[in-house]
Protein chains: 4
Amino acid sequence: MRAKSNPIPTDNRSFAEAARRAQIVDCAIDAIAEMGFAKASVDQIAKLAGVSKGVITYHFPKKQEIVDAIIEKVMAAGRAYMEPRILAETSAAGRLRVYIESDLAFIGAYRKPLIALVEIAMNARRDDGGLVIGPDSLAQRAASLEELLRAGQRSGEFRRFNTRVMALTIIQAIDGVPPLLAREPNRDLKLHAKELATIFALATRRPSS
Amino acid sequence: MRAKSNPIPTDNRSFAEAARRAQIVDCAIDAIAEMGFAKASVDQIAKLAGVSKGVITYHFPKKQEIVDAIIEKVMAAGRAYMEPRILAETSAAGRLRVYIESDLAFIGAYRKPLIALVEIAMNARRDDGGLVIGPDSLAQRAASLEELLRAGQRSGEFRRFNTRVMALTIIQAIDGVPPLLAREPNRDLKLHAKELATIFALATRRPSS
Amino acid sequence: MRAKSNPIPTDNRSFAEAARRAQIVDCAIDAIAEMGFAKASVDQIAKLAGVSKGVITYHFPKKQEIVDAIIEKVMAAGRAYMEPRILAETSAAGRLRVYIESDLAFIGAYRKPLIALVEIAMNARRDDGGLVIGPDSLAQRAASLEELLRAGQRSGEFRRFNTRVMALTIIQAIDGVPPLLAREPNRDLKLHAKELATIFALATRRPSS
Amino acid sequence: MRAKSNPIPTDNRSFAEAARRAQIVDCAIDAIAEMGFAKASVDQIAKLAGVSKGVITYHFPKKQEIVDAIIEKVMAAGRAYMEPRILAETSAAGRLRVYIESDLAFIGAYRKPLIALVEIAMNARRDDGGLVIGPDSLAQRAASLEELLRAGQRSGEFRRFNTRVMALTIIQAIDGVPPLLAREPNRDLKLHAKELATIFALATRRPSS
DNA sequence: TATGAATGAGAATTCATTCAT
DNA sequence: TATGAATGAATTCTCATTCAT
């Protein structure tokens, strides 16, 4: 018999709270992925979650907070999935390949959340009219990828090219996949990833001679 | 009594009608490009056009009809711009290069309409929830580009690759440009086009030996 | 036969528009006076007006605009009623008496609008939390009355007193009447006015010897 | 078994209970005074009190009960402050002067509670729409003051005037002070009281000869 | 054709109140 | 007692669409 008699009620509360929030976030992801951002009203999310609308607004007083939670959740999951795989590679070419392959693998595993994320990226706007996932977010991802590309150029693995355009092109090739999946759920992501990896391997490598 | 006092009145009507519709479509493009699809209400479009809301609904009983007209207008303009330039090239590689360069040149010349088109592509949904610019539209563009790519493979100019993935990647690289422009209006499109052309030239060409 | 064939359609429109707005403002006055500011929702106003809620928001996109219209209407009516009567008096004492009597007469004639105005003054708050009829408004009325009082002091009709406190006290004595009326509709306003006039005549006049 | 091991447990409870209620009432006063009646929700009061919302509803099942408690508390404090001071005076004129001066002194010492009380008086409404601080409450205060005024008339200190109107005017002059304070916290209450006392001394006193 | 008034559905948000733990 | 989750009604505002003139 363990001494640990404490039923950690506080943690239980936190846990229940976190579970509710997670449930709402998941239902919001479903709603946005399935009917689009514009139609995913708080009512619809509540209906999907099987709770009253008030529950949603109790846990997320502003709808934007749900959106922020979705962004954070999906982004964090993506980073957690991709980063170790990328860092396990030592060559720039290997890292680029794994960047593409692991992102597409992640997309394959998180289809709906990513479809929702794309919906949010394209539609969600702040009160002032600016996009919620704005230039900064894209620029950050591009900058991180450019770093990888520049490293390859410095090491001589990659040819000279505009790292900005290359990075954006790669990101767009990847970001275009969730919508494709929404339209063709049976698309072969493994193949897609392999082809993309080859395309950008050829586009970046240094001419042999 | 003057001769020819009323020449082709019906055509005049048609002409006036067409002019009105064109004016409305242009204002709708401005509205969508500037405030996003969700905020571009019929009221806003009417305000921009300097006419009463009734005029809009008279010429376009359903808002969706305006959207359809925008899509048709911009798509047609794009085809009119690109097709002769592409067909002027004889090699597959040349056509691919011109495909990319002429599309970006078109985007540069039609910034607002294309930003509006992207807004529509991402946001507009039919009553049943389906996207207005759906799989079919993308599939059509991809199919047309695939035709070009397959021709290059048949002629031996291009290596073996999955034409579907390549076509989608190229289209995504191009379609990603209008949002970039919205965020960075001074982006150098000439450079961007040149880099993209190089990327996909390297990615498609047959290994030399 | 006059050339003036113009049936002034624009004015007709303006007239219909103005009539609608006036009707809505009147119904809003009724609603606020009868159920209080907090309960006088747009729905209630629409119900009182016998129109749909949309009509209200069509003519007054923001509820605050109705409130502003009420304030302006009642204030303007009050000024129009009181000013000529006050200016017809030549002595400061006479003007003060008429100020009080004409304001109470006006209140008697415009009971409901003034009850509504008091509700608004006490309850309506801007988004930032500040009162809609704030310090400025009261200060302005007080300043105007102080001017009258100071004139009486200069001319020797009035004794020395703090004009600010006197002005505020007189205004409060008057502003307190609409709520009294709401509670006791049969209150004798003539008598009330006469008593108030006497009170402030005695309170302001210069000691005789 | 110890003697007196549990001395007056019920009273302890009562005491704790009373303390909690007092704390809640005080926080509700703060909330109403600071953000106005309409914005002072149960949530806000709970936040100010640093307790959960449930605590509020446990002690005051209906929000109206908090409001009633505030009214009772402030009114009682006012009576406790003013009554002995007034009764210490022997002349009617003296009592009237002290009535005014002690009420304003009380207001100066209890700014927030009185601002809250005024908010309640103006805004709070029962389910049936009637004001919470209604005719009866005002009538009671007026009646009490009328008694004082009539005593002065009977003793010959005061002239003949309508005691109802005079009482109401005095009360309104006093009740108008808390809102003034809310807007101008540095207003000189001593001076204000002195001026008011003079005004109503002059307005009530019997003509000398 | 043109106007703009009218409509009603649906959006987010606030809030007093209830209730299980 | 205390907690805070849950509820559902109410409120303001937006907007596509209809319609009389």
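Computed from a predicted structure; not experimentally measured. Residue numbers begin at 1 in each chain, while the letters A, B, ... track the order of the sequences.
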Participant: Specify the separation, in whole Å, of atom CD1 of B/I45 and atom C1' of F/dC15.
Facilitator: 12 Å

Participant: Not counting sequence neighbours, which residues clear salt bridge (Lys or Arg N to Asp or Glu O under 4.0 Å) with D/R20? List them please.
Facilitator: none

Participant: Indicate yes or no: at least one non-hydrogen side-chain atom of B/K73 is less than 4.5 angstrom from one of B/I70.
Facilitator: no

Participant: List in chain and number order the residues that pass side chain to side chain contact (heavy atoms under 4.5 Å, CB included) with D/A182, two or more places apart in sequence or in another chain; answer none if no residue qualifies.
Facilitator: D/I115

Participant: Using a 4.0 Å heavy-atom cut-off to protein, can you give one letter per nucleotide of nucleotides 13-20 of chain E, 5' to 3': B if the base is in contact, S if only the sugar-phosphate is, - if neither?
Facilitator: BBSBBB--

Participant: Starting at atom CZ of A/F15, determine the distance to atom P of F/dG4, rounded to an integer number of angstrom.
Facilitator: 18 Å

Participant: Tell me, please, which residues at least two apart from B/R21 pass salt bridge (Lys or Arg N to Asp or Glu O under 4.0 Å).
Facilitator: none

Participant: Using whole Å, what does the distance between atom C1' of nucleotide F/dT11 and atom CD1 of C/I66 come to?
Facilitator: 13 Å

Participant: Look at C/H59 and E/dG4 and indicate whether a side-chain polar atom (N or O) is within less than 4.0 Å of OP1 or OP2.
Facilitator: no

Participant: For B/K63, enumerate each residue passing the side chain to side chain donor-acceptor pair (under 3.5 Å) test, keeping only those at least two apart in sequence or located in another chain.
Facilitator: none

Participant: Kindly write out the residues that satisfy side chain to side chain donor-acceptor pair (under 3.5 Å) with A/E65, not counting sequence neighbours, or none if the list is empty.
Facilitator: none

Participant: Go through the structure and list residues passing side chain to side chain contact (heavy atoms under 4.5 Å, CB included) with A/E72, not counting sequence neighbours.
Facilitator: A/A76, A/R79

Participant: Expressed as a whole number of angstroms, how long is the span from A/R21:CZ to F/dA6:C1'?
Facilitator: 16 Å

Participant: Between E/dT7, F/dT3, E/dA2, which nucleotide has the shortest distance from any of its atoms to the side chain of B/V55?
Facilitator: E/dA2

Participant: Donor-acceptor pairs under 3.5 Å, side chain of residues 31-51 of chain D to any protein atom, not counting sequence neighbours: which ones?
Facilitator:
| residue | atom | partner | partner atom | Å |
| --- | --- | --- | --- | --- |
| D/E34 | OE2 | D/K112 | NZ | 2.7 |
| D/S41 | OG | D/Q44 | N | 3.3 |
| D/D43 | OD1 | D/K53 | NZ | 3.3 |

Participant: How long is the line joining CZ of C/R125 and C1' of F/dT12, in whole Å?
Facilitator: 19 Å

Participant: Within less than 4.0 Å of OP1 or OP2 of E/dA2, is there a side-chain N or O belonging to B/R20?
Facilitator: yes

Participant: Name the stems with DNA chain E in them: runs of three or more consecutive Watson-Crick or G-U pairs, distances under 3.5 Å?
Facilitator: E:2-21 with F:2-21

Participant: Would you please test C/L114 and C/V118 for side-chain contact (heavy atoms from CB on, under 4.5 Å) and show each step?
Facilitator: CA-CA 6 Å; C/L114 278 152; C/V118 171; 5.6 Å; no

Participant: Expressed as a whole number of angstroms, how long is the span from A/I56:CD1 to E/dA11:P?
Facilitator: 14 Å

Participant: Rounded to the Å, how far apart are B/I32 CD1 and F/dC15 P?
Facilitator: 13 Å

